[in-house]
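Written out below as structure tokens is the structure these notes cover.
Model, not experiment: these values are computed from the prediction. Protein chains get the first letters and strands the later ones, always in sequence-line order, with residue 1 at the start of each.
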Amino acid sequence: MKQLPEQLTKPFDAQSVEKNIYEMWETSGYFNPDTLPRTDKGSYTIVLPPPNVTGTLHAGHALTATIQDIFIRFKRMQGYKTLWLPGTDHAAIATQSVVEKKIYKEEGKTRHDIGREEMLRRINEFALESQNTILSQLRTMGASLDWSRLAFTLDDKRNLAVRTMFKKMYDDGLIYRGERIVNWDPKGQTTISDDETITEERAGKLYTFKYSKDFPITISTTRPETKVGDTAVAVHPEDERYRTYVGKTFDVEFAGCPISVKIIADTAVEKDFGTGALGVTPAHSAIDWDMKERHNLESRQVINEYAKMYGLKNEELNGKKVTDAREYIVNWLRESDLMIHEEDIVQNIPTAQRTGAVVEPLPKLQWWVNVNKEFKHFGKTTTLKQLMRDVVASHEIEILPGRFEKVYFNWIDNLRDWCISRQIWYGHRIPVWYKGDEIYCDINAPKGNDWKQDEDTLDTWFSSGLWTFSTLGWPSETQDFKTFHPTNVLETGHDILFFWVARMILFSTYALNTVPFKTVYLHGLIRDTQGRKMSKSIGNVLDPRDLSHKYGTDALRMALIVGNGAGNDLKLGEDKVKAYKLFSNKIWNATRFVLERTADFTSPVSLTKDDEEEYTKWQAIKKDITSDIENYRLHLASEKIYDYFWKTFCDVLIETRKTRILENKDTASAQTLLLTLLREQLVVLHPFMPFITEEIWKYVKSEHDNELIISSWD
RNA sequence: GGGAGAUUAGCUCAGUUGGUAGAGCAACUCGUUUACACCGAGAAGGUCACAGGUUCGAGUCCUGUAUCUCCCACCA
């Protein structure tokens, strides 16, 4: 370091160094635990939450990649055998609908015009392209992922894992086929799970009316069009008003359709709501379906998969959309003088998360995971729900921030059976075959020609739920699986706690009798400066690629981390990223100065008392930062190193030692202090700002030093 | 209806186990041929939402109130 390197005489240019640095890391083999030089501290594993292959990297991905990369780099420098495993998610419904829309727009064709095989080929093509984009974007974030272990939720290995898991659960009686009310998405033409619906508040009307003039009971509904499918009227057993009618059946003509209505008493009815009497439509309401089961009622479906009326005696109704049918029946009620009251109310309507369509409850034969069924599990009788609950209650899995434990328990306690079959083509096909009345479930197809495989595919979360171990080779007993499972930290957004985190806990505890990870670290959402969600329609999206190009990846990473505590939403504005670009410059310039002032430096000397004191103070700071990272307080750790570098190292230490060096007072000690502090700070800064620190490291490291990425933390 | 969170400087947010209120940005004053104006020095700015309580001591713990945000839920 006698001569100041040419590079350092110019201002820092992040763009020009990032690509080369990343290539150096990637070819070095340091991302791969098998070729990592120092691994004396045991294994440390994180699986990357696989991004959907539907789009490009957004600010949330940038955040998740940064947090995990910090943990991984920190542990790698401490000497752990670190594995950060990358992959992508086929995101079944989302991906298929993106491609379907694209094809419809460009060619005016539906998936049925194109056919299953060709459609799947096209979706795969799209997925592959999208995957490449996403992976290259992860590289620009500096993510030190082991690319040699890249996985995809829909590749052959993961497909084997899925089939194996399905078969095991089927044999244990935990997966069953059953008919009941499902959430049907009329736009996506598939069932969806409860978690895939979003309830929206909408203005609605509560209509109070009688089926006919001579019908004795007045009922209320928000969906008059379903009333042509009514098979009962339910009242509360203790309701005096209706007691005399219970058990009787009335045949009436309603809107041109004959219906037969039995009066039943059921405690699910609220006496004080509306008239205290409820028209029961088993085929189009989940509560009504349950009442049908309890009272052995008829069920009559009057709405089809396209949310249109069908099978009715009144031909005018058939083929009408539900909203039009509602208007028709309301008018009929008014004209027939049967409408008693109309009231404006706000109602909660379930809609499909992916397509936005209003969910139509329909009775369907589907595959389910039974979460309440007792079964023998490694010698103990338990349920899936219980397994999921226990490992968190016992703190075998720690959820951060802790408040999400309550959210998790709340979800578990209200959990109903999970509908896992989907009527779309893109996904893992259900490994079940039919021949007449026979059903065959196995990992592979049965022998013989007459078997026909179930047409449905599995919920995408069924495959991503296996992610911590399907990526490590399960069901084979691989070395990877033995070394890296259970994983250490699962870092993801709190919005997928139920979808994904809970399902991983379910599958891992069930199949392996072990937790999938020890710690769950949940980050918040990234919002714009006004606290709104980033969305294309508002136009407030900050693209991480733009920010990275403009200010450098290191600056972006710092902006995402500093002050962003676990679980909290982050309001991100460009100003914040800019501020950390200035910090990059500060580091760069400070390095230039230190190297200039130590050009004649030969070897370290023992420090003067003052210098020794400063070094001791720094060591305390470093210890503090280490403890912050170990305790998942990245927002504090990053702020502390920023603060020390700028306020103490630059503003105080460089300024005072500069004078001493100029005046030639204890020069060697001052030089030793500055160089030592600079080097040690680069180490601490590296997980947060990997590019600039690795670049500078070239100029300050001694000959026998390794690259910074594998330099020792301590 | 149930649950969770937030409320601290003009703005964005820290404040780990209770011990004299912090940072960044913005604004103000002064300075800069000496690593960096992508800078430095300085000053200013807060009844920690409100009301009680526990404590020698509360931004921090407890109770209640208000406002906002989010999640869950089959009042038709």
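A donor-acceptor pair is defined here as one N or O able to donate and one able to accept, closer than 3.5 Å; no such pair exists between the side chain of Tyr644(A) and the backbone of Gln681(A). Panel note: side chain Arg326(A), backbone Pro224(A); no donor-acceptor pair is recorded below 3.5 Å. In terms of modelled atom types and a separation under 3.5 Å, the side chain of Arg389(A) and the main chain of Lys385(A) share no donor-acceptor contact.
Atom pair Phe404(A):CZ and rG5(B):C1' shows a separation of 8 Å (rounding to whole Å applied). Protein atom CG of Leu582(A) is 8 Å distant from nucleotide atom P of rC25(B), rounded to whole Å. Leu415(A) places its CG atom 19 Å from the P atom of rC71(B), with the value rounded to the nearest Å. Rounded to whole Å, atom C1' of rA76(B) lies 11 Å from atom CG of Asp230(A). As a whole-Å value, the separation of Asn631(A) CG from rA14(B) P is 18 Å. One can place CZ of Arg403(A) at 5 Å from C1' of rG5(B), the figure rounded to the nearest angstrom. Taking atom CG of residue Asp495(A) and atom C1' of nucleotide rA4(B), one finds them 15 Å apart after rounding to whole Å. Rounded to a whole Å, the CG atom of Leu525(A) is 17 Å from the P atom of rG5(B).
Lys576(A) has no side-chain polar atom (N or O) that falls below the 4.0 Å cut-off from OP1 or OP2 of rC25(B). In terms of phosphate contacts, His635(A) brings no side-chain nitrogen or oxygen within less than 4.0 Å of OP1 or OP2 of rU16(B). For the OP1/OP2 pair of rG24(B) and a distance below 4.0 Å, the side-chain nitrogens and oxygens of Lys640(A) include no atom meeting the criterion.
Among residues two or more places apart in sequence or in another chain, the side chain to side chain donor-acceptor pair (under 3.5 Å) test is passed with Thr208(A) by Ser220(A). The side chain to side chain donor-acceptor pair (under 3.5 Å) check on Ser548(A) picks up Thr553(A), with sequence neighbours excluded.
Shown are Lys622(A), Lys623(A), Lys640(A); of these, the salt bridge (charged side-chain N to carboxylate O under 4.0 Å, His left out) with Asp628(A) is made only by Lys640(A).
Between Tyr580(A) and Tyr551(A), a ring centre-to-centre spacing not shorter than 6.0 Å is recorded. The distance between the ring centers of Phe498(A) and Tyr408(A) does not fall below 6.0 angstrom.
Rounded to a whole angstrom, the distance from the C1' atom of rU20(B) to that of rG24(B) is 24 Å. Taking atom P on both nucleotides, rG57(B) is separated from rA21(B) by 16 Å, rounded to a whole Å. If you take atom P in rA9(B) and the same atom in rU60(B), they sit 15 Å apart, rounded to whole Å. For the P atoms, the distance from rC48(B) to rG10(B) is 13 Å, rounded to whole Å. Distance check on atom P: rG18(B) versus rC56(B) gives 15 Å, rounded to whole Å. Straight-line distance between the P atoms of rU65(B) and rG3(B): roughly 13 Å, to the nearest whole Å. Using P as the reference atom, rC13(B) and rC36(B) are 35 Å apart when rounded to the nearest Å. Distance check on atom C1': rC70(B) versus rA23(B) gives 27 Å, rounded to whole Å.
The listed nucleotides are rU12(B), rU16(B), rG24(B); the one nearest the side chain of Arg633(A) is rU16(B). When the nucleotides rA4(B), rA23(B), rG15(B) are ranked by their closest atom to the side chain of Glu639(A), rA23(B) comes out on top. Across rA14(B), rA76(B), rG24(B), the shortest atom-to-atom separation from the side chain of Lys647(A) is found for rG24(B).
Residues Asp195(A) and Trp411(A) have side chains that bring a donor and an acceptor to within less than 3.5 angstrom of each other.
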Return a table of donor-acceptor pairs under 3.5 angstrom between the side chains of residues 587-596 of chain A and protein atoms on other chains or two or more places apart.
from      : atom 1 : to        : atom 2 : distance (Å)
Trp588(A) : NE1    : Lys10(A)  : O      : 2.8
Asn589(A) : OD1    : Arg592(A) : NH2    : 3.3
Asn589(A) : ND2    : Asn585(A) : O      : 3.1
Thr591(A) : OG1    : Ile587(A) : O      : 2.7
Arg592(A) : NE     : Leu8(A)   : O      : 2.8
Arg592(A) : NH2    : Leu8(A)   : O      : 3.4

As a check on the pairing definition, encode RNA chain B in dot-bracket form, counting Watson-Crick and G-U wobble pairs whose two distances are under 3.5 Å, and using | for partners outside this strand.
(((((((..((((.....[..))))..((((.......))))......(((((..]....))))))))))))....

Check nucleotides 72-75 of chain B against the protein and report each pair of N or O atoms closer than 3.5 Å, with its distance, or say if there are none.
from    : atom 1 : to        : atom 2 : distance (Å)
rA73(B) : N6     : Asn348(A) : ND2    : 3.2
rC74(B) : OP1    : Arg416(A) : NH2    : 2.9

What's touching nucleotides 34-36 of chain B from the protein side, N or O pairs under 3.5 Å?
from    : atom 1 : to        : atom 2 : distance (Å)
rA35(B) : OP1    : Lys658(A) : NZ     : 3.1
rA35(B) : OP2    : Arg597(A) : NH2    : 3.2
rA35(B) : O2'    : Arg592(A) : NH1    : 3.0
rA35(B) : N6     : Glu655(A) : OE2    : 3.1
rA35(B) : N3     : Asn589(A) : O      : 3.2
rA35(B) : N3     : Ala590(A) : N      : 3.4
rC36(B) : O2'    : Asn589(A) : ND2    : 3.3
rC36(B) : O2     : Lys586(A) : NZ     : 2.8
rC36(B) : N3     : Lys586(A) : NZ     : 2.8

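For the pair Trp646(A) and Ala277(A), nearest-nucleotide mapping onto RNA chain B gives the more 5' position to Trp646(A).
Relative ring orientation between Phe404(A) and His494(A) is described as parallel, the plane-to-plane angle staying below 30° on a 0-90° scale split at 30° and 60°.
Contact check for His395(A) versus Glu405(A): side-chain heavy atoms found under the 4.5 Å cut-off.
Between Pro363(A) and Gln301(A), the shortest heavy-atom contact is CG-OE1, 3.7 Å.
Backbone-only contact: Gly563(A) has heavy atoms under 4.0 Å from sugar-phosphate atoms and none from a base.
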